[in-house]
Amino acid sequence: MQKKSLQENKNCKKFYIFTRQYTLTSTIYTATMTRLKSIYYILLTISILSVVAACNNEETKQYRIGMSQCAYDTHWRLEMNRHLIANAMQRENINLLMTDGKNSNEKQIEDIKWLVSQNIDLLMVSPNEAEALTPVVTEVYNKGIPVILIDRKTGNDSYTCFIGANNTVIGEKAADYVGLFCAPGSKILELHGQTGASAAVERGTGFNSRINGKYSEKKITHIGDLYCEWSTEKAKQKMAEYINEGKELPDIIYSHNDDMAIGAYDALKEAGINPENIIIIGTDGASGENGGIKAVLDGKIDATFFYPDGSEEAIKTAEEILSGRQVPKNIDLSTVQIDDNNADGLYGQMNMTRIQEDRIIKQNAFMQQTAMKLNTTSNALMIVISLLGAVLVGLVYISKLHSDKKKSNQMLNEKNAEINAQKEELESQASYLNQINEQLESNKEKIIGSIRYAQTIQSAALPTESDLNYYFNSFVIYNPKDIVSGDFYWYHREVDTEKEIHIFGVIDCTGHGVPGAFMSLIGVNLLDQIAKQRKIYSPATILDELNKSVRAALRQTENNDGMEAVLCKIEKYPDSRIILTYEGAKFPLRHYIKQLNKIETYKTSRREIGGKFRNIESSMQFEDHSLEIHSGDRIYMASDGISDQNNTERKRYTSKRFVSAILNSVNLPMPEQRDYIWNDVSTYMQNCEQRDDITVLGIEV
Ligand code: FRU
């Protein structure tokens, strides 16, 4: 019996654990099934996963109830534990935390403090001993935590609700049973549980006061008290000692619970005393093999008084309180006498309940294990699903990247093709340009070649150096801008015994380069015709004739091609007189007078030769100017190319500088003066491009 009791005790601990996890387990189980069903859909779409997850988050408000048991000792109390657990299990929102006080006040006080530390919403207590437990229970109640006292009371009113049967009445009913069946003068032995427990105190008081009151005439005597701590073993031991001590045997044993009554019965039996001669009365009426009802059926005890444990009412009341509803301060439970008359029916009935409760608890245990497994599986599945989700998201992302890359590659390819086409186009243009360049280059070379050849032709038309220096010392600066020149210088002489006539000229035809060169050849030809063939020696007349001839030669009506020029005639007579006659078309003549060491600049006509001035032809006539000059004097004639030449600051060389250069070098021999003047112009113009053809003719008389 002891062994079985321990086993049941252990089971109760398991129930406690199961009960604590029941609601969670049930939620997880439901959730897991939902998830399992959902997996298929989840794999199809992540959004359904979110919905499922959202659904799984739904939870009913959970309550945590602490149950401080004074002990997991007797069959009655173990049954009470089982009832509490089974009742709690049937509520989805109740989590029951139960502690075993082990019949110790100190232990139970610690238990209650621990339960409070677990943030319980409500405390249920079955106090070990009233006085010792009152302060801690009062403290919890004063904290605002509702307190339900079950079966046993504390010493004050600091509780929300007491649920239990009236133990005084139970004691009185036991006395009524004794009073009815015992013979006058019977002797009573009383077995006590705990002296400080309210149930024990009240049962003893109710029983004894009625024996001594209502049944006093039966002269029933109280021959002893055994204190057996509610335990079968203890009672058996104490009863055996009592017998061994040879004390007077009782006619009635009144036990405050069935466990102790059975212990007394066993002791009597073992001592060889027939227990059937003794009326044994217990209290509790617990179900099952080791409970009080079976003891009645087995004839071990004559009667017991059903002591309802109040577990069902306690859970219901807790729900009411937690829902904010008012509950009565005391809920009285009724008792019933169990004897030969009703033990059988009650036993069967209570066993049915017991079996059902066991089934509930076993199912719950199974569900819990399954739920734990499913929870693990579910967690694993959730991880797998999350991973799959992540992979799916990753794949979508990668595929997006891939398609983006593809698009950008396509764009790049198109761009590349466009660039390549442009490149090819550019290359073909470049090669075309190269061809053109080559063509141009070769054309240029041809043109330059032909211009160079033209230069030799043009040079041939100019007076030779020896010609010029035959009668004079002279120099020529002849620098065409573009190989051939629009400028030219001209010389003609007539020498006889009477006098020498020398005619010099510097002529600048419109334009330079090839067109200028053509004009110059025309000019040379016309001047030769006028002077050599027609023997005209007056500079003014020559210019006049040249003008007519140019216009005639060029058939000028609209174009302005013409010439600027300066001509001079030097006549040497046998008496050594030297007469200078000059005229020009815009260009002046410079005369270095050796005796005075100065340069005179003689202006000439403002007319030009050629078409440009046809309209003013009549108003401005060429006119000769004559003066006597002397040996050693120098005459300088130049085109405007020299004075118009600019430097890097775009400033002209000017006639003034030209005259200074002449004056600065006038004592030098003619060739060196030439170098001096040209060097001065070159230094001035630095790297600037030559603007026009430059021609200077210097003659020393
Ligand atoms: C167990 C127990 C029961 C008894 C009850 C009274 O501890 O002794 O057997 O009926 O307590 O509170």
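Residues take their numbers from the sequence shown, with the count starting at 1. Read the numbers this way: they start at 1 and go in the same order the structure lists the ligands and their atoms.
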Practice task
Just go through R77, M80, Q69, E79 and tell me whose heavy atom is the nearest to atom 11 (O) of ligand 1.
Solution key: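 Ranked by closest heavy atom to atom 11 (O) of ligand 1, first place is R77.
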Practice task
Measure the shortest side-chain to side-chain distance between I281 and T304 over non-hydrogen atoms and say whether it is less than 4.5 angstrom.
Solution key: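 No, their side chains stay 4.5 Å or more apart.
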Exercise for the section: Taking the side chain as every heavy atom from C-beta outward, state whether C182 and I220 have any atom pair closer than 4.5 Å. Expected result: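 In short, these two side chains touch, coming nearer than 4.5 Å.
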Exercise for the section: Just let me know how N103 lines up against ligand 1, side chain, backbone, both or neither, with a heavy-atom cut-off below 4.0 Å. Expected result: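 It is neither part, as no heavy atom is under 4.0 Å.
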Exercise for the section: Quick one: look at K153 and ligand 1, take heavy-atom pairs under 4.0 Å, and tell me if it's side chain, backbone, both or neither. Expected result: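 Looking at K153 and ligand 1, no heavy atom falls under 4.0 Å.
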Practice task
For the pair R354 and E79, evaluate salt bridge (charged side-chain N to carboxylate O under 4.0 Å, His left out) and give the outcome as yes or no after the intermediate values.
Solution key: CA-CA 9 Å; R354 189 189 175 97; E79 192 154 84; 3.1 Å; yes
Purely on distance, is any nitrogen or oxygen of [X] under 3.5 Å from one on ligand 1?
{"X": "H256", "value": "no"}
{"X": "N257", "value": "yes"}
{"X": "D73", "value": "yes"}

Practice task
Distance to 0.1 Å, residue and atom name: give those for the protein heavy atom nearest to atom 10 (O) of ligand 1.
Solution key: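 Protein heavy atom at minimum distance: D284 OD1, 2.3 Å.
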Problem - Stepwise salt bridge (charged side-chain N to carboxylate O under 4.0 Å, His left out) check, K236 with E270 - result: CA-CA 10 Å; K236 190 176 170 185; E270 276 182 23; 2.7 Å; yes
Practice task
Take W76 and D151 through the side-chain contact (heavy atoms from CB on, under 4.5 Å) test and state the conclusion after the steps.
Solution key: CA-CA 11 Å; W76 177 87; D151 129 62; 3.7 Å; yes
Handout entry: Exam field: side chain S231 to backbone E233, donor-acceptor pair closer than 3.5 Å
Key =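 Present.
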